There are 2 protein chains.
Amino acid sequence: MELPATNNNPATIQDVADLAGVSIATVSRVVNGKSPVVPETAQRVMDAIRQLNYVPRAAARILASKRTDTLGLIVPEISGEFFAPMLRGIEAAAGEAGFDLLIHTTAYKKPDMRRHTLGEHNTDGLLVFIGSMEQAELERLGSIGFPVVFLHQTAPEGLDIPVVTVENKKGAMLAVEHLIEAHGCRRILYLSGPEGNEDSSWRERGYRLALEKYNIPFDPALVVPGNFSTRQAAQSMTETLAGGLEFEAIFSGDDLAAVGAMSALREAGLRIPEDVKIVGFDDVPLARHLTPPLTTVHAPTEEVGRTATDLLVRLVRREAVEREILLPTELTIRQSCGCGNG
Amino acid sequence: MELPATNNNPATIQDVADLAGVSIATVSRVVNGKSPVVPETAQRVMDAIRQLNYVPRAAARILASKRTDTLGLIVPEISGEFFAPMLRGIEAAAGEAGFDLLIHTTAYKKPDMRRHTLGEHNTDGLLVFIGSMEQAELERLGSIGFPVVFLHQTAPEGLDIPVVTVENKKGAMLAVEHLIEAHGCRRILYLSGPEGNEDSSWRERGYRLALEKYNIPFDPALVVPGNFSTRQAAQSMTETLAGGLEFEAIFSGDDLAAVGAMSALREAGLRIPEDVKIVGFDDVPLARHLTPPLTTVHAPTEEVGRTATDLLVRLVRREAVEREILLPTELTIRQSCGCGNG
DNA sequence: CTTCTCTATGTAAGCGCTTACATAGAGAGG
DNA sequence: CCTCTCTATGTAAGCGCTTACATAGAGAAG
C-alpha cells in the first residue's frame, strides 16, 4: 500500500505547497480564506490538504500572527450546578466568534508556584470569575491593556475592566418582599455567601432594603453563613437550629446553600414550607426538581456567560464596550415559599 | 517615573538576555531549570526576568520544542453534577504533572465545520469522553500513534486505546439485589441512559443479572428511557405513570435521571419510598441532600478523572500503560430505597 | 504596439523560543 | 609549564507559519 506522504511526520504547509505546486503563501491564503486566489488553485490546494491530512500547527500560526484565537477563562472551581449553564454560554459564544477556550481553575492551587498558566502569552483575552485572580496580576494585565472581562465582580479601584453580572439587589428584594407580602413572614433568615463575595453583599443589601420597606428591624443574628455551598449551609443550619434561633423563613444567598439548608431542616424534623419557608437565588436547573420545588430568583446564568464572552470578543477586536452590564433577575415562584399546590 | 523596558512590547527572551548580560540560551536554561548554570548567573537572569515582567510565549516554546505541555479534554457537554468531580480530578492530575488543560465541548456543534479544535497540533494527548468524537478522527489519531485515553467508553474495534471507567455491572447488580433482598421488590423499573451509551448497557446488564439471580423474569416494558437527564426522565416517568404500568421500585441509570423520576413521582402524588423505592447510580454530590436522601451506587468519579489523566500522561511520556482500568463501585445506602430512619 | 493597472502568486523576513554543537577557561596531571 | 578534561556559556539553525513586499502576466487605454 502506497502512503500519501513520503516521510512519516505530519504534513506541513510546505508539503501541501509542494504537492499542489504552489507557494506556501498561497496555501496560507487558502487555509485562511484571505486575499484573491483563483478557484482552480484553491481547489488544488484543498485537495492536497485532504490528501496529506494537513492540519496547521496552532503554535506556528500564533507565533507568526501574534493572535492566539483563544480566550481564557479563570474560575475558582467548576462547581456543578451553577457553573454548567454559564460555561455553556461561554463555550457557545466563544465558538461562534471563532475562538477556542482555555479553562483554568484556581481552587486548591498552591499560590507559591505561580506559573502563568493563562495570560497574554497564550490567550487574546481573559474572562475572570469573581475572586480567582490576584490583584497584582490583574494590574499587570490592565497596565498593558490586555482585554479582561469580569464575571460577577466589579473591577478593583482604578482598573478599567468591564463586568457582567445580574441584578442581585433587585432579585433579593423581590424574594424577600414576596416572603413578607404573600406569606406574612417577619423573621427571615439570610443564608449569606462567602465573606467578601460581591454577589452576596448585593443580595444582603436587597434583603435589608426589603425589610426596611416593611419596617422590619434588621437582626444581625439572622444572617447565617452559607458560603454558597450545600455542605456548609447544611452544617450552618444544623448549628443554628440547635442554637434555638427562631425564624419563619430563609432567604438563601444561592440555590446550592438552599439545598443544604433544606437538607438540615428535614433532618431536624421541620417541614418545608409549613414550618419554614425558603427561597433561593440563581434558579439552577435542579431547583424545580427539589422537594418541594424551590422558589428562587431566576438569574440568566447562561446569558451572563454569553454576554461576557461577546464583550470580551469585542474588547479583543478593540471595539468600544459597556463598562457594566446588569442582566435582569426575576422571582420564579414554586412551592418552597408556601405558594402553589404543595 | 522610569519604565523598566525601553519599548512598550512585552519582553522577550532576548531582552532578558541583554539585561542580564548573557545569551538567550542561558536564559532558556534558567527558565527551564536545565543544564548546568552557575548560581550567580541564574540569579542575574532571574532578576532580569522579574524586572522585565518576562513571560515566555507559549507558542514559541511549543514550536521550537514540539511539545505543547497541554492535554486536551473532549466532552459532549459539561453537565453540572456529574461532570464537576471528574473535571476536578482531571484538572488536579494534569496540573500536578505540569500540563495545562484545553477543554472542548462538542454538544450543539454543527458537525460540518470541522475545525480541528483539539488534536496533535495543540495538545500532547487527548482525553475523550464517551461519544464525543468521530470515528474517522479517532482512527486518524490512532494511526499516527497519538496518545488518547477514553473515559467511560471502550475503544472501537481495532483501535488500541486505553479506557478508564467504573464497575458498572457490579454496581448495578448491588443496587438491584438490594432492592430485591432487603425490600422484597420484584417489579423493578430500569430507567435507562441514552441509546447506545456504554455505561447504560452495562448497568442494564447488571440489572438483568440481578433479576436472573432471583429468578425474576425480565420484562422489557420495565425498561424506560431516562437519557441520563433529569428533564427527560421526569417526562418519561410521567408518561409511564399515566400509562398505568405497575412497579414497586426504580433503578435509575444515573442520579440525574433519578432526580427527574422523583420529581415526577411526587407530582403524581406517590411517596418515596413508601409507594415507590428508588436507587440511583453515580452518587453525585447532591444525592445525599435530596428528599429523601438518595440511595445510590457510588462511583469514584473524581478518581476516574485523575486516573485517566495519569494514564494519559504516561502515554505521552511513552511509558507502558494498562489497556483498561475499572474503578470500584459500591452501594451507598440512604433512604430512598426504604432503608434508614426515613 | 507601448505603457499602465490590476490581480494572482511568489519571496523572504521574521515571530520567540529550544537545543545540538562549538568554544573558552579552569583545574588536574604529568 | 603544557596538555587534557571538564564544565559553563555562547552560537546559530531551525520549528511552521503569516504577511509585507516583489513580480509577472493579462487586459485596458492610449
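Owing to the predicted nature of the structure, the values given are computational and were not obtained by experimental measurement. The sequence lines fix the lettering, A, B, ..., with proteins before strands; numbering per chain opens at 1.
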- Do A:Arg61 and A:Asn32 pass the side-chain hydrogen bond (donor to acceptor under 3.5 Å, both in side chains) test, and can you show the C-alpha distance, the side-chain angles, and the key distance before you say yes or no? CA-CA 11 Å; A:Arg61 228 216 249 288; A:Asn32 297 298; 2.9 Å; yes
- Once you round it to whole Å, what is the distance between P of C:dG16 and CG of A:Asn122? 15 Å
- Query: In whole Å, what is the span from the NE2 atom of A:His121 to the C1' atom of C:dC17?
  - Reply: 13 Å
- Using atom CD of A:Glu40 as one end and atom C1' of C:dT9 as the other, report the distance to the nearest whole Å. 14 Å
- Message: Does B:Arg67 form a salt bridge (Lys or Arg N to Asp or Glu O under 4.0 Å) with B:Asp124? I'd like the steps, not just the answer.
- Response: CA-CA 7 Å; B:Arg67 285 176 297 104; B:Asp124 292 344; 6.0 Å; no
- Query: Can a salt bridge be assigned to the pair B:Arg314 and B:Glu322 using a cut-off of 4.0 Å between side-chain N and carboxylate O?
  - Reply: yes
- Let me know the distance between CD of A:Gln14 and P of D:dG16, rounded to the nearest Å. 10 Å
- Do B:Arg88 and B:Glu303 sit within salt-bridge range, that is, some charged N less than 4.0 Å from a carboxylate O? no
Under 3.5 Å, which N/O atoms of the protein pair with N/O atoms of nucleotides 19-25 of chain C?
| residue | atom | partner | partner atom | Å |
| --- | --- | --- | --- | --- |
| C:dT19 | OP2 | B:Lys34 | NZ | 2.6 |

- Check ion pair A:Lys66-A:Glu120 (N to O, under 4.0 angstrom): no
- Message: Could you check whether A:Glu137 pairs with A:Arg140 (Lys NZ or Arg NE/NH1/NH2 to Asp/Glu carboxylate O, under 4.0 Å)?
- Response: yes
- Per B:Pro56 side chain, nearest of listed nucleotides C:dA8, D:dG16, C:dC17: C:dC17
- Task: Would you please confirm or rule out a distance under 4.0 Å between OP1 or OP2 of C:dT9 and any side-chain N or O of A:Thr41?
- Result: yes
- Pairwise 5' ranking along DNA chain C for B:Ile13 and A:Ala42, keeping only the more 5' one: A:Ala42
- Task: Report the distance from atom CZ of B:Arg61 to atom C1' of C:dC17, rounded to the nearest whole Å.
- Result: 9 Å
- For D:dA26, give its Watson-Crick or G-U wobble partner with both distances under 3.5 Å, or none. C:dT5
- Over how many whole Å does the gap from B:Leu63 atom CG to C:dG14 atom C1' extend? 12 Å
- Message: Can you see if the side chain of B:Thr12 gets near the phosphate of C:dG16 - specifically, an N or O under 4.0 Å from OP1 or OP2?
- Response: no
- Query: Nearest-Å distance, CD1 (B:Ile62) to P (C:dC15)?
  - Reply: 19 Å
- Message: Is the distance from the ring center of B:Phe82 to that of B:Phe228 below 6.0 Å?
- Response: no
- Task: Measure from NZ on A:Lys66 to P on C:dA13 and round the result to the nearest Å.
- Result: 18 Å
